[in-house]
A.B. asks: 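Quick one: the structure is below, questions incoming.
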Amino acid sequence: MNLYIWQMKLLLVEDEKELAVSIQDYLANNDFICEWVMDIHQATDKITSHDYDCILLDLSLPDGNGFEILRELKSQNKTDGVIIISAKENLETRIEGLQLGADDYLTKPFHLSELLVRIQALIRRKNFNGNNLVRYHEIEIDVLSKVVKVNGKIVDLTKKEIILLLYLIGNENRVLSKAAIAEHLSGDMADMLINHDFVYAHIKNLKHKLKLAGSNNYIKTIYGTGYKWHND
Amino acid sequence: MTKKLIHKTSRAYLLFSVIVVLIIAPVFYFVTEQLYIEDADEALTLRKKEFLHYNRPHFKSSDINVWNKFNRDIKIIANTGTSRDSFFYNHYYDTLDAEEETYRELNTPVVIEGKKYTFLARTNLVETEDLIVSIAVLFIALLIVLLLGLFFISKILSLKLWKPFYKTLAQIEAFEIDKNNSFDFSDSKIEEFNRLNQSIKKLITKNISIYRSQREFIENAAHELQTPLAVFQAKIDLLYQHTELNKEQLEIINALNDSVRRIKRLNKNLLLLSKIDNKVFASKQKVSIQKQFEKLLDFYSEQAQSMHIGIEINLQEDILVDTNSDLLDILLNNLFQNAIRHNREGGKINIQLADNSLSFSNTGEPIALDVDKLFRRFSKSSSSSRGNGLGLAIIQKIAESNNWKIAYTYEHNYHCFKLTF
């Protein structure tokens, strides 16, 4: 199901080929056109001649630091959204990146599902100002006011359940491992997870509440592995 | 029991001096006595010679009584039968002092006017008793002076001579490889100490550089692993999307996913350790333990719940500590993790904040852990693969960098980690 009115244009700046291919692959059957370049030089050419909805930017590139692209965007007065994807995990780099105009920072390694919902969130923030809605058939989520409606009727969901719902819908038709879901739900605390059993409880509650509100059952269980949001 | 060097040398000096005095004193006594007797004998012989030479030629038998009357120590007495010079000891009663006196006596035959007499010469000797007492007093005095002298000299010397040594010692004692200590191994005038200082300086410099390069290596290795791990994770995420996976294949991917998750965590912990080493978390502020603690409570309550672990919290007082809040956060996280990870299904966790200390007690394997190995990196005390062996090392590192104390005890089936601020 198409979440956007038109196709989103993405630019991936990443020198690790296998990672780039995987990201392209994962994003491909969604609503994105994802172009891939390997260095600052090519990236600069691309951003000069095109506007992107989102740029996925690695920092350590063969011909320099990815921050140069952020400066280039700034000097060209471009408003492309930028998500930094970097192996560097320290506060200074993160702060510097955000100060230079990046919108988000994702540390390698990450789950592709996590990257996808971050891209979606960024595009929502940029394109649908004031009216940040996610719709899926009978379900409607107002991301800002945290209100979920099924067939126009408000469903009482907890904060965690809303986060889970957005994550599942965002990764429609994709198998999500319990670990990936648990990490997404835990946010900053993802590294501290000891077990993922709590995911089951949240899924069960969400399923139950949506069913009571009259929604179809879109959450499929992949035995022993995780879950998938799927409309059959 | 160890003693200071000066005690050892002083004891050796004392022992040696006493032995020397004990041996020398009797020898000295006998030699002195011998010399004294020889001297006395010589004097007596001289008197005999003088008598024979000056007096005898015109000595008459009628003179004997007069002579004996005026000479107390040289007498002519009736022949005792001596045929030649004979020296011996004799005792006479001194009526003036009313005591026995020891004399050395010489008897020798002498002929006066054709009649045989015995010539007697005697000299009063110092009493043996007096001699022994005098020598003993002398030697004891000598011993005392000697020992006092040795003691003070070695004391002053050890203060002066050993000063550079103690300075070096103090510096080594204060040395910690992960801190930037500065060293002052200035040259002393003593060759041995200079050599010692040079060797220690070399040793320390080498150790620091090895330590640094090892630290850098861990950091770089962990960093370089992040990208291949990202590929690994991404490929697994993609693999899950294949629609015609059977159960067996899914299980393999699940196992891979679990492994990559563990490597990710291990790698993050390694990076964290090197960050702490590199003083990334240096800024400090006043932090409330209670507030920091409560932020984590929801997350870990949920984690504990799925293992049916009950958490009992007893925060009697809040403690404000001057520290880096990120580090404190990591520390609390690891204590929590530890208490849950190594717990058993349906176990208990007891958390107490009181008396300037925070303690986490948890049920678990009913056997005390080996304290020596506990805080070392990658030392796993149980065979379970639940932890990566870095949690406690991180806890200790953070405690150390804040000068806090972390202690482990096992009591009443509870493993307790107590952090004292």
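By convention in this document, chain letters (A, B, ...) are assigned in the order of the sequence lines, proteins followed by strands, and residues within each chain are numbered from 1.
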A.B. asks: Measure A:Glu18 against the heavy atoms of chain B and call it side chain, backbone, both or neither at under 4.5 Å.
C.D. replies: both

A.B. asks: What heavy-atom pair brings A:Ser177 and B:Asn257 nearest, and what distance separates the two atoms?
C.D. replies: OG-ND2, 3.2 Å

A.B. asks: For the candidates B:Asn254, B:Asn334, B:Leu225, which exhibits the highest count of non-hydrogen atom pairs separated by less than 4.5 Å from chain A?
C.D. replies: B:Asn254

A.B. asks: Please indicate whether A:Asp188 has more than 12 foreign heavy atoms, meaning atoms of other residues, nucleotides or ligands, lying under 6.0 Å from its CG.
C.D. replies: no

A.B. asks: Which heavy atom of A:Tyr223 sits nearest to which heavy atom of B:Lys247, and what is that distance?
C.D. replies: CE2-CE, 4.2 Å

A.B. asks: What is the distance from atom CD1 of B:Ile330 to atom CE of A:Met192, rounded to the nearest 0.5 Å?
C.D. replies: 6.5 Å

A.B. asks: Roughly how far apart are B:Gln241 CD and A:Asn173 CG, rounded to 0.5 Å?
C.D. replies: 9.5 Å

A.B. asks: Looking at side-chain heavy atoms only, is the closest gap between A:Thr225 and B:Ile253 below 4.5 Å?
C.D. replies: no

A.B. asks: Give the minimum heavy-atom separation between A:Ala87 and B:Thr227, together with the two atoms involved.
C.D. replies: CB-OG1, 4.0 Å

A.B. asks: For A:Tyr200, look at atom OH and say whether over 12 heavy atoms of other residues, nucleotides or ligands are found less than 6.0 Å away.
C.D. replies: no

A.B. asks: Take atom NZ of A:Lys211 as the centre, draw a 6.0 Å sphere, and report whether it contains more than 12 heavy atoms from other residues, nucleotides or ligands.
C.D. replies: no

A.B. asks: What is the minimum heavy-atom distance between A:Leu193 and B:Phe299, and which atoms define it?
C.D. replies: CD2-CZ, 3.8 Å

A.B. asks: May I ask you to test the B:Tyr240-A:Leu176 pair for a side-chain heavy-atom distance under 4.5 Å?
C.D. replies: no

A.B. asks: So with a 6.0 Å cut-off around CG of A:Asp156, is the heavy-atom count from everything else above 12?
C.D. replies: no

A.B. asks: So which part of B:Tyr300 gets closer than 4.5 Å to some heavy atom of chain A, the side chain, the backbone, both or neither?
C.D. replies: side chain

A.B. asks: Mind ranking B:Lys275, B:Lys268, B:Glu224 by heavy-atom pairs under 4.5 Å with chain A and telling me who comes out on top?
C.D. replies: B:Lys268

A.B. asks: B:Gln233 and A:Glu114: side chain to side chain contact (heavy atoms under 4.5 Å, CB included), yes or no, with the steps?
C.D. replies: CA-CA 12 Å; B:Gln233 182 68 71; A:Glu114 181 67 32; over 6 Å; no

A.B. asks: Which residue out of A:Ala201, A:Ser22, A:Gly224, A:Ser186 racks up the most heavy-atom pairs below 4.5 Å with chain B?
C.D. replies: A:Ser22

A.B. asks: Taking all non-hydrogen atoms of both residues into account, name the closest pair between A:Leu112 and B:Ala234 and its distance.
C.D. replies: CD1-O, 3.4 Å

A.B. asks: As an exercise, state the distance from CG of A:Asn195 to CZ of B:Arg341, rounded to the nearest 0.5 Å.
C.D. replies: 9.0 Å

A.B. asks: For atom CD1 of B:Ile367, decide whether the heavy atoms of other residues, nucleotides or ligands shown that lie under 6.0 angstrom number more than 12.
C.D. replies: no

A.B. asks: Is chain B contacted by the side chain of A:Lys160, its backbone, both, or neither, given a heavy-atom distance below 4.5 Å?
C.D. replies: side chain

A.B. asks: Within the supplied structure, the quantity of interest is the number of heavy atoms (other residues, nucleotides, ligands) at a distance under 6.0 Å from A:Lys209 NZ; does it exceed 12?
C.D. replies: yes

A.B. asks: From B:Leu229 CG over to A:Lys108 NZ, what is the distance, rounded to the nearest 0.5 angstrom?
C.D. replies: 11.5 Å

A.B. asks: Would you compute the distance between atom OG1 of B:Thr243 and atom NZ of A:Lys228 and round it to the nearest 0.5 angstrom?
C.D. replies: 7.0 Å

A.B. asks: Name the option with the most non-hydrogen atom pairs under 4.5 Å to chain B; the candidates are A:Met189, A:Lys178, A:Lys88.
C.D. replies: A:Met189

A.B. asks: Would you check if the side chain of B:Gln303 reaches a backbone N or O of A:Ile194 as a donor-acceptor pair within less than 3.5 Å?
C.D. replies: yes

A.B. asks: Could you check whether atom NZ of A:Lys220 has more than 12 heavy atoms from other residues, nucleotides or ligands sitting under 6.0 Å from it?
C.D. replies: yes

A.B. asks: Just wondering, are more than 12 heavy atoms of other shown residues or ligands nearer than 6.0 Å to CD in B:Glu248?
C.D. replies: no

A.B. asks: To the nearest 0.5 Å, how far apart are CZ in A:Phe198 and CE in B:Met307?
C.D. replies: 14.5 Å

A.B. asks: What part of A:Ile222 lies closer than 4.5 angstrom to a heavy atom of chain B: side chain, backbone, both or neither?
C.D. replies: side chain

A.B. asks: Side-chain contact test, heavy atoms from C-beta onward, threshold under 4.5 Å: evaluate it for B:Glu302 versus A:His202 and give yes or no.
C.D. replies: yes

